[in-house]
Amino acid sequence: MLRSLIEQLVFASLQQLQQQGVFAAEQPFVFQVERPRDKNHGDFATNAALVLAKSARLPPRQLAERILSALPAGQTAVERWEVAGPGFINFFLTPQTLQNLLVTIGQQAADYGKSHSGQGRRIQVEFVSANPTGPMHLGHGRGAVTGDVIVRLLQAIGCSVEREYYINDAGGQTLVLGRSVLIRYHGLFGQEWPLPEGCYPGEYVLDIAKALQAEQGDRWLTPTPPERPPQEVVDFAIARCLAWIRDDLKLLNIPFDTWFSERSLHEEGLIVHAIEQLASKDLIYEGILEPPKGKQPEDWEPRPQRLFRSSRFGDEVDRPLQKSDGSYTYFAADIAYHLNKAERGFAGLINIWGADHGGYIKRVQSALAALTGRHDLLEVRLVQMVNLFRAGQPVRMSKRAGTFVTLREVVEEAGADAVRFWFLLRSSGAGLDFDLDLAMAKTNENPVFYVQYAHARVHSLRRRLQDREISDIPESPHYLQRLSEEPERELLRHLSRFPEVVEQAALEKEPQKITHYLLEVAAAFHTYYNGYKILDEDTDLRAARMALSKAVGQVIANGLTLLGVSAPEQM
RNA sequence: GCACGGUUAGCUCAGUUGGAUAGAGCGUUGGCCUCCGAAGCCAAAGGUCAUUGGUUCGAAUCCAAUACCGUGUACCA
């Protein structure tokens with residue numbers, strides 16, 4: 001990375017000054033090397049003189065001069081440097097340094113942008129984990145794509161990442177599903193029963209019932225559908241929903257390594273195991289919670305419950321582990337699940353959750369802190385909801401009115417590329433408007449096409465070269481010197497940033513940084529393409545510009561690959 | 001009430017671990033195809049970075065209050 005090159009230069013100079021007594025022997029050097037917003041301020045700038053002025057007891061500009069005079073001799077990357085503003089040091093790279101980048105990109109090809117800074121750290125990302133009680137909706141899709149790209153980013157910086165889906169195949173909601181199916185199933189035999197409050201009304205429930213009828217006949221037919229459905233019916237329904245979910249994820253090209261069953265936690269005694277550990281630390285007691293502040297539930301009544309002292313670990317109040325009927329709460333299972341994750345030895349855990357689970361973060365983290373002593377093991381990223389639009393108008397969705405639009409319908413209509421790219425356009429913490437018509441538009445209003453078009457243009461140039469039978473680009477890169485125009489330098493600067501962008505996006509778990517970077521590269525290339533003739537008559541110039549264009553194509557392809565979006569050669 | 005997220009151009013949003021004159025798309029106005037893909041480009045206009053105070057060489061960014069918006073708020077998942 002070019003940035004670390006500059007960092008090393010500055011650091012060497014500071015050490016030199018330290019030997020000269022400008023700094024105390026134990027002085028730590030904390031400074032930044034950054035990309036100036038304004039290109040008149042060079043390719044890189046450092047604030048070292050500003051930050052260290054106090055400890056050197058020198059005015060910043062004066063210290064900056066000292067730093068410059070102590071920079072190691074013999075380096076060839078930087079053409080010139082200057083002291084600017086209040087005491088910044090600006091570095092201007094030699095043209096060769098940027099031009100040689102094209103050789104690097106050509107050699108590294110699909111690997112350009114990757115690094116090993118993750119040092120093989122084992123990280124688990126748990127995402128989607130949508131309840132297997134119905135089809136996936138847009139919000140699930142956004143979480144799925146976000147999680148998938150965070151995995152890809154972490155892998156790109158050299159982490160060893162595992163993808164996991166937590167299946168909520170235990171608990172009350174699965175029984176509700178089973179009951180809903182069973183009632184619809186009876187309807188298929190002419191026994192119409194009204195759907196009780198809380199049951200799932202969706203069309204898909206009927207589909208499951210039909211499948212049950214087709215595969216198992218009238219086996220589950222009874223005079224009245226029982227309130228508690230047989231486990232086999234529940235399992236049938238869950239399996240059906242899970243199959244749909246797997247198909248939806250496949251449509252979006254999102255694989256998983258592990259499908260972890262909540263029920264297995266119950267069956268293998270892991271919940272008991274976790275609660276015993278909490279009990280051994282004296283963190284469990286029988287108690288009655290205060291009524292919640294603000295909006296009071298109407299059916300609130302004081303109940304003695306088995307509680308975990310999560311408030312000792314940063315949570316607002318203690319949390320119940322068992323319901324009044326004695327069965328475990330979802331939270332109890334989640335404690336066991338996360339303890340299990342910790343015991344599997346991951347160096348880091350990342351959960352991608354819908355924003356409606358935000359209030360849940362502290363209690364899970366407090367449980368992990370209590371059981372493992374680690375407060376930073378689990379990192380949770382929240383993904384805000386998606387609003388569906390069509391031609392600028394919001395699409396009203398209602399489960400009851402049957403106007404619910406599923407993820408599958410949107411993916412089938414707009415395509416996986418458009419859906420993925422759009423989901424990655426905004427930071428996950430902010431709400432997202434998804435316009436179906438815009439996502440399918442073939443104009444620069446549609447950022448997906450804008451980026452893909454830039455890539456296709458590069459390949460169009462390559463095809464042209466072959467048509468004219470002049471693909472005889474010299475092997476030695478001497479001709480790269482011909483890249484002297486400002487837009488060319490601008491493009492090279494953009495390309496040189498790519499590894500930095502990948503690293504930052506990975507560390508901060510912010511896929512949209514890649515998306516926006518690609519939009520910038522595409523814009524810079526479109527500008528260049530319109531202003532300059534790539535396939536010039538001059539052989540060397542043509543070769544140089546093609547080398548630049550091919551590098552642009554490579555970087556866009558690498559970036560799109562990180563996003564899981566295709567990079568078509570023709571459109 | 002509390003917790004979390006948000007507040008930046010008419011609209012939708014970026015904004016690099018605090019950096020120099022705050023950016024993009026859409027929309028508006030005006031230009032560019034005898035030339036490599038106009039699915040593109042160029043230019044103009046458009047801002048009290050919600051408000052107030054604080055921290056420091058320097059704040060959209062950090063801290064504290066305030067005001068709105070969203071989500072969640074015992075025994076659902």
Checklist line | Base versus backbone protein contacts along nucleotides 9-17 of chain B [heavy-atom cut-off under 4.0 Å; B, S, -] | finding: ---BSSSBB
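- The CZ-P distance, from A/Phe449 to B/A38, rounds to 17 Å in whole Å.
- Comparing atom distances between the A/Glu316 side chain and each of B/A3, B/C41, B/C35 picks out B/A3 as nearest.
- Within the 4.0 angstrom heavy-atom criterion, only backbone atoms of the sugar-phosphate kind lie near A/Asn131; the bases stay farther away.
- Classified by interplanar angle (parallel below 30°, tilted 30° to 60°, perpendicular above 60°), the ring pair A/His338/A/Trp353 is perpendicular.
- Counting only N and O atoms by type, the side chains of A/Arg35 and A/Ser496 include a donor and acceptor under 3.5 Å apart.
- Using a 5.5 Å limit on the distance between ring centres and a 30° limit on the angle between planes, the aromatic ring of A/Tyr453 does not count as stacked on the six-membered base ring of B/G40.
- Checking A/Glu500 against A/Gln504 by side-chain atom types alone, no donor-acceptor pair falls below 3.5 Å.
- Residue A/Ala523 is out of contact with every strand shown, counting any heavy-atom pair closer than 4.0 Å.
- Between B/U56 and B/A9, the two P atoms lie 30 Å apart (nearest whole Å).
- Residue A/Leu50 places its side chain closer to B/C57 than to any other of B/A77, B/C75, B/C57.
- Remark: the backbone N or O of A/Ala456 is not paired with any side-chain donor or acceptor of A/Ser460 at under 3.5 angstrom.
- In this structure, A/Leu461 places its CG atom 13 Å from C1' of B/G40, rounding to the nearest Å.
- One finds a salt bridge joining A/Asp315 and A/Arg319 here, because a Lys/Arg side-chain nitrogen approaches an Asp/Glu carboxylate oxygen to under 4.0 Å.
- Nearer to the 5' terminus of RNA chain B, by closest-nucleotide assignment, is the contact made by A/Ser460 (compared with the other of A/Ser460 and A/Gln305).
- At the heavy-atom level, A/Ser324 lies under 4.0 Å from base atoms of the strands shown.
- By the rule that a glycosidic angle within 90° of 0 means syn, B/C41 does not qualify and counts as anti.
- For A/Asn90 against B/A20, a side-chain-to-base donor-acceptor contact under 3.5 Å is present.
- With A/Tyr529 as the aromatic partner, A/Arg457 meets the cation-pi criteria of under 6.0 angstrom to the ring centre and within 45 degrees of the ring axis.
- A/Tyr165 and A/Glu126 are not linked by any side-chain donor-acceptor pair at a separation below 3.5 angstrom, with hydrogens and angles left out of the test.
- Across B/A74 and B/G58, the matching C1' atoms stand 49 Å from one another, rounded to whole Å.
- Nearest-nucleotide positions on RNA chain B for A/Ala170 and A/Ala522 put A/Ala522 closer to the 5' end.
- The separation between A/His357 atom NE2 and B/A3 atom C1' is 16 Å, rounded to whole Å.
- Look at A/Tyr360 and you won't find any side-chain N or O under 4.0 angstrom from OP1 or OP2 of B/U71.
- Under the 3.5 Å distance criterion, with hydrogens and angles disregarded, no donor-acceptor pair is assigned to the side chains of A/Glu316 and A/Ser311.
- Within the 4.0 Å cut-off from OP1 or OP2 of B/A77, at least one side-chain nitrogen or oxygen of A/Lys323 is found.
- OP1 or OP2 of B/A38 has at least one side-chain nitrogen or oxygen of A/Arg457 nearer than 4.0 Å.
- By the 30° and 60° cut-offs, the orientation of the rings of A/Tyr337 relative to A/Phe260 is tilted.
- One atom, CG of A/Asp356, and another, C1' of B/G72, lie 8 Å apart when rounded to the nearest Å.
- B/U71 and B/C75 have their C1' atoms separated by 22 Å, with the value rounded to a whole Å.
- Of all nucleotides listed (B/A77, B/C2, B/G5), B/A77 comes nearest to the side chain of A/Asn168.
- With B/C41, B/G19, B/C75 as the choices, the nucleotide that has an atom nearest any side-chain atom of A/Asn47 turns out to be B/G19.
- Figure legend: cation-pi geometry between A/Arg497 and A/Tyr517 absent, as NZ or CZ is not positioned both under 6.0 Å from the six-membered ring centre and within 45° of its axis.
- Using cut-offs of 30° and 60° for the angle between ring planes, the A/Tyr330 and A/Tyr166 rings count as tilted.
- As judged by a 4.0 angstrom heavy-atom cut-off over every strand, A/Pro320 is placed among residues touching the sugar-phosphate backbone only.
- Judged by atom type and distance alone, A/Arg464 does not reach the base of B/C36 through any side-chain donor-acceptor pair under 3.5 Å.
- Between the CD atom of A/Glu490 and the P atom of B/C42 there is a distance of 12 Å, given to the nearest Å.
- A perpendicular orientation is assigned to the rings of A/Trp422 and A/Phe434, their planes being inclined by more than 60° (bins at 30° and 60°).
- When distances are taken from the side chain of A/Asp38 to each of B/U21, B/C4, B/A77, the shortest belongs to B/U21.
- Salt-bridge formation is not detected for the pair A/Lys341/A/Glu164: no Lys NZ or Arg NE/NH1/NH2 atom is positioned less than 4.0 Å from an Asp or Glu carboxylate oxygen.
- Heavy atoms of A/Tyr532 sit under 4.0 angstrom from at least one base atom.
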Notebook entry, point to check: How does RNA chain B look in dot-bracket notation if pairs are Watson-Crick or G-U with both distances under 3.5 Å, crossing ones as [ ], other-strand ones as |?
Noted result: (((((((..((((.....[...)))).(((((.......))))).....(((((..]....))))))))))))....
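- Whole-Å rounding puts the A/Leu541 CG to B/C36 C1' distance at 13 Å.
- At whole-Å resolution of the value, CD in A/Gln452 and C1' in B/G40 are 16 Å apart.
- At a threshold of 4.0 angstrom between heavy atoms, the contacts of A/Leu289 are confined to the sugar-phosphate backbone, with no base atom among them.
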Notebook entry, point to check: Can you check ring pair (Phe, Tyr, Trp, His ring centres under 6.0 Å) on A/His526 and A/Tyr453, steps first, answer last?
Noted result: CA-CA 9 Å; A/His526 286 312; A/Tyr453 181 49; 5.4 Å; yes
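- Looking only at atom types and distance, the side chain of A/Gln173 has no donor-acceptor partner in the side chain of A/Asn131 under 3.5 Å away.
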Return the polar atom pairs (N/O with N/O) between nucleotides 26-28 of chain B and the protein under 3.5 Å, or none.
unit_1 : atom_1 : unit_2   : atom_2 : d
B/C26  : OP1    : A/Asn444 : OD1    : 3.2
B/C26  : OP1    : A/Asn444 : ND2    : 3.4

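- No contact: A/Ala333 has no heavy atom under 4.0 Å from any strand.
- Taking atom NZ on A/Lys54 and atom C1' on B/G58, their separation rounds to 12 Å, with Å as the unit.
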